[in-house]
Amino acid sequence: MRNNKPFDILLDSYSRESFNLYMVVSSLFDYPFIGEDEDLEGKLYSSAFAYLCSNYLNTLLDFYEHDDFDLFIEEMGLIEHMQELLKLKGESLTIDWEPEDYTEMIWAIIKDYQLKIAKDINSVFHSQKLKLRLFSSIFKMDENGFQPMLSLETIDFFDSKFENI
């Protein structure tokens, strides 16, 4: 059984569509799913992608962003994996500072996973136009036929998340 918990927690709207996009991306790059065993790596990949979708939707729709990260950590059961998280912190290429607490450390690790996802997406979807099409497919999975308009905020989103990696 595949679990879409981070999408349900972070996204009020488009959680199912964003999860479906994650299923496509995770199949393409062989990312783990959150299965019944709820492994940490599956939680981190799906959480990182759910946050990317949330950021993307916010740039287009002035979408509500989930702002209680402590609650997210609790609902995802990330504290149970503290030993593994500490190991990931030690292996991180981007954490070159000492996090103040476990919340800051987990956020930094999720950002590491976002960077991994961005690199993978860049390796297949070379142009900004292709990345835009990939993420805008969230709206094509919905039955209402909404098509987002390209805005400066959207361009900034792709520049900040996927360029210079």
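Just so it is clear, the model here is predicted, and its values are computed rather than measured. The basis for the numbers below is simple: all heavy atoms, side chains too, and nothing from hydrogens, waters or symmetry mates. We count residues from 1, following the sequence as given.
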Discussion item. According to side-chain hydrogen bond (donor to acceptor under 3.5 Å, both in side chains), who are the partners of Lys129, at least two apart in sequence or on a separate chain?
Written reply: none
Worksheet entry | Partner residues of Asp30 under the side chain to side chain contact (heavy atoms under 4.5 Å, CB included) criterion, sequence neighbours left out | none
Worksheet entry | Nearest non-hydrogen partners of Leu85 and Met105, listed with the distance | CB-CE, 3.9 Å
Discussion item. Strictly distance-based, threshold 3.5 Å: is any side-chain N or O of Lys43 a donor or acceptor partner for the main-chain N or O of Leu78?
Written reply: no
Discussion item. So does Leu71 get a backbone contact from the side chain of Asp68, meaning a donor-acceptor N/O pair under 3.5 Å?
Written reply: yes
Worksheet item: Can you tell me how far CG of Leu88 sits from NE2 of His81, rounded to the nearest 0.5 angstrom?
Response: 11.0 Å
Discussion item. side-chain contact (heavy atoms from CB on, under 4.5 Å) for Phe139 and Glu17? Distances and angles first, verdict last.
Written reply: CA-CA 7 Å; Phe139 301 106; Glu17 294 85 357; over 6 Å; no
Discussion item. Could you report the tightest heavy-atom contact between Glu75 and Lys5, atom names first, then the distance?
Written reply: O-CD, 3.4 Å
Fill in: Approximate separation, where rounding is to 0.5 Å, of Leu28 CG and Ser123 OG
7.5 Å
Item to complete: Can you measure from NZ (Lys111) to CG (Leu44) and round to the nearest 0.5 angstrom?
Response: 13.5 Å
Discussion item. Using ring pair (Phe, Tyr, Trp, His ring centres under 6.0 Å), reason through Phe29 and Tyr45 one step at a time and then give a plain yes or no.
Written reply: CA-CA 11 Å; Phe29 299 112; Tyr45 270 108; 9.7 Å; no
Practice prompt. Give a yes or no answer on whether the side chain of Ser18 reaches the backbone of Ser15 with a donor-acceptor pair at less than 3.5 Å.
Written response: no
Response to the item:
Residues Tyr56 and Phe135: closest non-hydrogen pair is CE2-O, 3.5 Å
Discussion item. I'd like to check Phe49 versus Leu21 (side-chain heavy atoms, cut-off strictly below 4.5 Å). Are they in contact?
Written reply: yes
Item to complete: Not counting sequence neighbours, which residues clear side chain to side chain contact (heavy atoms under 4.5 Å, CB included) with Ala48? List them please.
Response: Ile110, Tyr113, Gln114, Ile117
Item to complete: Please name all residues satisfying side-chain hydrogen bond (donor to acceptor under 3.5 Å, both in side chains) with Asn58, sequence neighbours left out, ordered by chain then number.
Response: Glu65
Discussion item. Quick check: do Phe7 and Tyr14 have side-chain heavy atoms less than 4.5 Å from each other?
Written reply: no
Worksheet entry | From Ser137 atom OG to Arg133 atom CZ, the distance as rounded to the nearest 0.5 Å | 11.5 Å
Practice prompt. List in chain and number order the residues that pass side-chain hydrogen bond (donor to acceptor under 3.5 Å, both in side chains) with Tyr31, two or more places apart in sequence or in another chain; answer none if no residue qualifies.
Written response: Asp120
Item to complete: Please name all residues satisfying side chain to side chain contact (heavy atoms under 4.5 Å, CB included) with Glu74, sequence neighbours left out, ordered by chain then number.
Response: none
Item to complete: Write down the atom of Leu10, the atom of Ser47, and the distance for their closest heavy-atom approach.
Response: CD1-O, 4.3 Å
Discussion item. Just so I know, are the side chains of Phe72 and Tyr51 near enough to count as touching, which here means a heavy-atom distance under 4.5 Å?
Written reply: yes
Item to complete: Please name all residues satisfying side chain to side chain contact (heavy atoms under 4.5 Å, CB included) with Thr103, sequence neighbours left out, ordered by chain then number.
Response: Phe69, Asp70, Ile73, Asp101
Response to the item:
Value for CG (Leu60) from CG (Asn55), rounded to nearest 0.5 Å, stands at 11.5 Å
Discussion item. What I'd like to find out is whether the side chain of Leu40 reaches to under 4.5 Å of the side chain of Glu80, using heavy atoms alone.
Written reply: no
Item to complete: Quick one: closest heavy-atom pair of Pro6 and Ser46, and the distance?
Response: CG-OG, 3.4 Å
Item to complete: May I ask you to test the Arg16-Leu11 pair for a side-chain heavy-atom distance under 4.5 Å?
Response: no
Worksheet item: Atom NZ in Lys87, atom CD1 in Ile109: separation rounded to 0.5 Å?
Response: 12.0 Å
Worksheet item: Ser160: what forms a side-chain hydrogen bond (donor to acceptor under 3.5 Å, both in side chains) with it, not counting sequence neighbours?
Response: none
